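Below: the structure, in structure tokens.
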Amino acid sequence: MIHATSLLLRAATRREFLLRHSSGLVCAAALLVGGCGGGGGEGLIKVGEFASLTGKESAFGESSHNGTVLAVDELNTAGGVLGKKFKLLTEDTQSKAGESQTVVNKLVSRDGVVAVLGEVASGRSLEAAPVCQGAGVPMISPSSTNPDVTKTGDYIFRVCFIDPFQGTVMANFATKTLKARRVALFTDAKSDYSKGLAKYFKQQYLKNGGEIVVELDFNGGDADFKAQLTTIKGATPDAVFVPGYYTDVALICIQARQLGLPVPFFGGDGWESDKLIELGKEAVEGHYFSTHYHPDVASAKSKAFVAAYKARYGAAPDAMAALGYDSMMVLADGIRRAGSTEGSKLKTALAATKGFDGVTGATTIDAERNASKAAVILQVEKGKFRYLETINP
Ligand code: PHE
């Protein structure tokens with residue numbers, strides 16, 4: 001209770017708290033006498049979302065948010081669940097380390113949400129997961145792939161594959177498709193996602209008999225990668241694996257071209273954003289990455305989703321949009337089966353999710369609260385992401 005009180009006092013000092021949530025003080029008082037929670041006030045089911053709506057990875061947050069909003073609207077149009085409609089409360093993490101705990105604390109303690117959706121980036125999901133676990137509020141990450149996210153505890157779920165799988169997929173791709181015998185690794189030392197994916201890639205690539213000729217780091221947000229790229233060039237790799245996020249990857253590819261490093265670059269889902277092409281232009285042409293979804297891979301669910309998404313947002317959805325949508329649908333299905341929004345009942349229902357038919361395929365939550373799903377490999381071609389192949393788990 002001391003904990004909850006101090007959180008609320010901290011929240012209460014924030015200007016936007018008073019501006020946007022004048023009823024929050026009532027909730028604060030209720031919490032002091034035993035909790036306002038439930039999230040079902042005003043006949044609505046409150047769902048929290050935290051996403052990078054601004055900052056370096058804003059394209060991730062925007063896509064994921066768009067997909068989530070589409071799902072909420074479709075669910076509400078169909079009458080909601082348990083006779084109640086959903087209300088989505090969204091907080092911006094600004095793509096920054098250190099924000100996620102604060103905003104998820106707000107959602108959980110002040111707003112009394114029944115569940116939390118987010119984040120895209122693994123590092124930010126790792127920050128927030130202990131808050132949800134501690135509060136007994138289920139959290140579903142749409143697209144964080146680092147295995148440690150769900151290891152936080154039994155309230156933490158995801159609806160996507162994890163990086164031991166993604167790393168293996170890309171190592172096999174390097175060996176079999178690129179026929180690369182010598183690979184350079186270039187990792188974002190500031191990103192849990194990047195470090196994990198590099199590790200799992202390396203494990204499988206060495207098993208395949210490949211050689212890692214050089215391993216170097218960068219810091220996400222850096223502007224100049226030329227020193228490391230010069231060393232990489234000197235090591236004469238057949239290909240360069242960069243498990244980074246699109247903003248850094250685009251710059252790295254541009255500077256690699258400037259230095260005359262004409263080998264394929266490849267990476268994971270963090271590459272996926274139209275911004276990669278907007279920023280990287282011809283420097284990203286021909287390069288490859290793995291991700292969760294491509295709109296050309298047509299299931300009935302996916303076709304309907306693509307049409308609705310295009311109609312609403314005027315653009316085709318990417319993996320984050322599809323996973324954001326699926327995370328909300330899986331949550332609604334869990335609430336329906338639980339017959340309740342109470343945290344412990346909801347987490348038990350979510351853990352029992354089996355073959356839920358979504359846009360990104362069937363979601364079955366395993367014993368580690370992860371979803372095992374296929375990966376797709378895409379190539380940048382003429383300013384578009386071309387679908388190459390699907391790799392099943
Ligand atoms: N998987 C990435 C992470 O865990 C985030 C991401 C998901 C990026 C989907 C792009 C597409 O950090």
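Whatever order the structure lists ligands and atoms in, that order sets their numbers, starting from 1. Owing to the predicted nature of the structure, the values given are computational and were not obtained by experimental measurement.
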So is Gln166 in contact with ligand 1, going by heavy-atom distances below 4.0 Å?
no

Quick one: does Ser144 get within less than 4.0 Å of ligand 1, heavy atoms only?
yes

Under 4.0 Å between a side-chain nitrogen and a carboxylate oxygen: does that hold for [X] and [Y]?
{"X": "Glu91", "Y": "Lys106", "result": "yes"}
{"X": "Arg124", "Y": "Glu57", "result": "yes"}
{"X": "Lys202", "Y": "Glu215", "result": "yes"}
{"X": "Arg312", "Y": "Asp73", "result": "yes"}

Logged contact type for Trp271 with ligand 1, heavy-atom cut-off 4.0 Å, is neither

For ligand 1, the portion of Ser143 having any non-hydrogen atom under 4.0 Å away
both

Which residue supplies the protein heavy atom nearest to [atom], what is that atom called, and how far is it?
{"atom": "atom 1 (N) of ligand 1", "value": "Asp269 OD2, 2.6 Å"}
{"atom": "atom 4 (O) of ligand 1", "value": "Ser122 OG, 2.4 Å"}
{"atom": "atom 6 (C) of ligand 1", "value": "Val120 CG1, 3.4 Å"}

Which residues satisfy the ring pair (Phe, Tyr, Trp, His ring centres under 6.0 Å) test with Phe161, sequence neighbours excluded?
Phe165, His292

Between [X] (side chain only) and [Y] (backbone N and O only), is there a donor and an acceptor less than 3.5 Å apart?
{"X": "Arg158", "Y": "Ser144", "answer": "yes"}
{"X": "Tyr193", "Y": "Asp188", "answer": "no"}
{"X": "Ser52", "Y": "Gly61", "answer": "yes"}

Below 4.0 angstrom from a heavy atom of [X], which ligand 1 atoms are there? Numbered from 1 as shown, please.
{"X": "Phe60", "result": "8 (C), 10 (C)"}
{"X": "Met320", "result": "9 (C), 10 (C), 11 (C)"}
{"X": "Tyr245", "result": "3 (C), 12 (O)"}

Before signing off on this row, confirm whether Tyr193 and ligand 1 have an N or O atom pair separated by under 3.5 Å.
no

